[in-house]
Amino acid sequence: MNIFRLAGDMTHLASVLVLLLKIHTIKSCAGVSLKTQELYAIVFATRYLDIFTSFYSIYNTLMKLVFLGSSFSIVLYMKYHKTVHRSYDREQDTFRHWFLVLPCLLLALLIHEKFTFLEVLWTFSLYLEAVAILPQLVLLQRTRNIDNLTGQYVFLLGGYRGLYILNWIYRYFTEPHFVHWITWISGLVQTLLYADFFFYYSQSWKNNKKLQLPA
Amino acid sequence: LNKSYKKDEL
């Protein structure tokens, strides 16, 4: 494992911890998109089915369990915890996320490396992860006051994607035959979706002002 | 258990 990959995983872990901290300690999910969280739960559930069929390392299995557990608990918290649920911006979080799931499934059925159940689901999870942040970005744009934790959550998620790209570049040059087009292209699309957010985040940071995205 | 090289990432 290279430093970019480890840093990427740790940034991803940090983003989840920031979100859980907000929900668990402050008992608020204001500004957090339940649609995006549901999509991530689907992403991890379909990608990590291989914990039953393959073993890579203790690290790999542990991280998979952490991401599965955290994504499902965030969804359950937002849906069923009374106080947390009350802070949910239901009226603003209107992105029709199921319209992302179907095209991703169709695309995975069309473009994949092997036509097997696990492989198609794995490919589907990559396509879906690429666009899963969209409901969250739309909600951020609609939210007048973005609190620091929500901003940091999205910033860390974007950082994780950026570091994964550095990891792929590193692996391409250091490991023979490391070519994975599906992973790379969907990963690149996913990272590009954050570009706009990163611009406004850095502006607010530079000017020491509250983060606000233009309508 | 089979091991797929590309799936060692999360």
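Numbers restart at 1 for each chain; the letters A, B, ... are given by sequence-line order, proteins then strands.
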Chemist: Side chain of Y164(A), backbone of L10(B): donor and acceptor closer than 3.5 Å?
Modeler: yes
Chemist: Count the heavy atoms belonging to other residues, nucleotides or ligands that lie under 6.0 Å from CD1 of I3(A), then report whether that count exceeds 12.
Modeler: no
Chemist: Non-hydrogen atoms of chain B under 4.5 Å away: do they reach the side chain of D9(A), the backbone, both or neither?
Modeler: side chain
Chemist: Answer yes or no: are there more than 12 heavy-atom neighbours, outside L62(A) itself, under 6.0 Å from its atom CG?
Modeler: yes
Chemist: E9(B) versus R171(A): any side-chain heavy-atom pair under 4.5 Å?
Modeler: yes
Chemist: Excluding sequence neighbours, so at least two apart, what forms salt bridge (charged side-chain N to carboxylate O under 4.0 Å, His left out) with D50(A)?
Modeler: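 D50(A): salt bridge (charged side-chain N to carboxylate O under 4.0 Å, His left out) contacts with K64(A).
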Chemist: For N2(A), enumerate each residue passing the side chain to side chain donor-acceptor pair (under 3.5 Å) test, keeping only those at least two apart in sequence or located in another chain.
Modeler: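 N2(A) satisfies side chain to side chain donor-acceptor pair (under 3.5 Å) with N167(A) only.
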Chemist: If you draw a 6.0 Å radius around CZ in F198(A), do more than 12 non-hydrogen atoms from other residues or ligands fall strictly inside?
Modeler: yes
Chemist: More than 12 heavy atoms of other residues, nucleotides or ligands under 6.0 Å from OH of Y59(A): yes or no?
Modeler: yes
Chemist: With sequence neighbours excluded, what pairs up with H97(A) under the ring-ring contact (aromatic ring centres under 6.0 Å, His included) test?
Modeler: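 Once residues adjacent in sequence are excluded, H97(A) has no partner under the ring-ring contact (aromatic ring centres under 6.0 Å, His included) criterion.
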Chemist: Checking an interface table here. Which of residues 41-48 of chain A come within a heavy-atom distance under 4.5 Å of chain B?
Modeler: R47(A), Y48(A)
